[in-house]
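Working notes, structure below.
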Amino acid sequence: MKRPKISQMEAYIIETLRVNGITNEEIIHEVKEKDVSKWKQIHEKYDYEQLITLAEKDFEAFKQIINAGYAVKFVTVGGLERLLRLKFQKEPGEDYQKLETGVKGLKLDAASLHELEQMLSLNWKVEKDEQGISVLLKEQKEFI
């Protein structure tokens with residue numbers, strides 16, 4: 001089954017809520033009630049109303065995004081690092097080596113690796129070797 005696609009910012013918002021102890025049930029309930037104001041204290045620069053807008057497009061898809069996962073439409077290199085930190089609690093220098101075009105030496109268990117592969121946009125390739133996992137931008141020729 002294909003995962004619903006969301007923006008990188010929507011992924012940041014969802015994962016920031018989770019890191020701060022907000023459950024999937026709470027996210028769904030508060031968004032359904034259109035009462036996301038209390039989350040402002042978690043990250044004052046995030047527009048949590050984006051989740052309401054997302055849910056209004058298709059509430060069943062929104063529930064799937066929260067409960068079963070999502071794919072990000074387009075992930076930047078910086079976005080990859082931020083998602084690794086928020087979703088998987090991985091830090092550069094400790095858990096992987098940063099590169100200009102991605103990361104290498106990433107250590108993830110099989111379930112987390114599968115989750116990462118499912119959520120990354122098509123501009124990324126994931127490879128595994130003895131040093132760990134590499135997540136690298138695809139070269140333009142790979143899109144042709």
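Note: hydrogens, waters and symmetry copies are ignored here, and every other heavy atom, side chains too, is used.
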From CA spacing to verdict: salt bridge (charged side-chain N to carboxylate O under 4.0 Å, His left out), Lys34, Glu56: CA-CA 10 Å; Lys34 299 183 181 185; Glu56 286 174 340; 2.8 Å; yes

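- In this structure, the side chains of Val31 and Val36 come closer than 4.5 Å at one or more pairs of heavy atoms.
- At a threshold of 4.5 Å between non-hydrogen side-chain atoms, the residues Pro92 and Arg85 count as touching.
- Annotation: side chain of Phe74 is not in contact with side chain of Leu122 (no heavy-atom distance under 4.5 Å).
- Lys104 NZ: 12 or fewer foreign heavy atoms inside a 6.0 Å radius.
- The ring pair (Phe, Tyr, Trp, His ring centres under 6.0 Å) analysis of residues 17-52, with sequence neighbours excluded, yields the pairs Trp39-Tyr48, His43-Tyr46.
- When the shell of 6.0 Å around NZ of Lys128 is examined, it contains 12 or fewer heavy atoms from other residues, nucleotides or ligands.
- The minimum heavy-atom distance linking Ala61 with Pro4 is given by the pair O-CG, 4.0 Å.
- Ile66 CD1 to Leu17 CG: the interatomic distance, rounded to the nearest 0.5 Å, is 8.0 Å.
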Criterion salt bridge (charged side-chain N to carboxylate O under 4.0 Å, His left out) on Glu10 and Lys73, from CA distance to verdict: CA-CA 10 Å; Glu10 290 161 342; Lys73 294 175 191 169; 5.1 Å; no

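- Note that NZ of Lys63 is 10.0 Å distant from CG of Asp58, once rounded to the nearest 0.5 Å.
- Between the CD atom of Gln97 and the CD atom of Gln131 there is a distance of 10.0 Å, given to the nearest 0.5 Å.
- Across Leu86 and Gln89, no two heavy atoms sit closer than the pair O-NE2, 2.9 Å.
- In this structure, Val77 and Trp124 have side chains that are in contact, with non-hydrogen atoms separated by less than 4.5 Å.
- Taken from CG in Leu80 to NZ in Lys98, the straight-line distance is 10.5 Å, to the nearest 0.5 Å.
- In terms of hydrophobic clustering, with Ile, Leu, Val, Met, Phe, Trp and Tyr side chains grouped at heavy-atom distances under 4.5 Å, Leu136 and Tyr96 are assigned to different clusters.
- Closest of all the heavy-atom pairs between Val72 and Ala11 is CG2-CB, 4.0 Å.
- For NZ of Lys107, the number of neighbouring non-hydrogen atoms (other residues, nucleotides, ligands) closer than 6.0 Å is greater than 12.
- One hydrophobic cluster, built from ILVMFWY side chains closer than 4.5 Å, holds both Tyr70 and Val19.
- Side-chain atoms of Gln8 come within 3.5 Å of backbone atoms of Thr76 as a donor-acceptor pair (strictly under, hydrogens ignored).
- In terms of heavy atoms, Thr16 sits closest to Asn20 at O-ND2, 2.7 Å.
- Residue Phe59 is grouped with residue Ile13 when hydrophobic side chains (ILVMFWY) are merged at heavy-atom distances under 4.5 angstrom, including chains of intermediate members.
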CA sep, side-chain torsions, deciding dist, call: Leu120, Lys125, side-chain contact (heavy atoms from CB on, under 4.5 Å): CA-CA 9 Å; Leu120 284 176; Lys125 62 182 172 187; over 6 Å; no

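- Judged purely by atom type and a 3.5 angstrom limit, Asn123 uses its side chain to pair as donor or acceptor with the backbone of Val75.
- Atom CG of Leu116 and atom CZ of Phe88 lie 5.0 Å apart (nearest 0.5 Å).
- Atom CD of Glu44 has 12 or fewer neighbouring heavy atoms from other residues, nucleotides or ligands inside a 6.0 Å radius.
- When side chains are defined from C-beta on, Val135 does not count as touching Leu84, because their heavy atoms never get closer than 4.5 Å.
- Of all non-hydrogen atoms in Leu54 and Ile6, the two that sit nearest each other are CD2-CG2, 3.9 Å.
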Worked verdict on Phe62 versus Ile52 for side-chain contact (heavy atoms from CB on, under 4.5 Å): CA-CA 9 Å; Phe62 178 75; Ile52 294 171; over 6 Å; no

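- Separation of atoms CG (Leu113) and CD1 (Ile133) is listed at 4.5 Å; rounding is to 0.5 Å.
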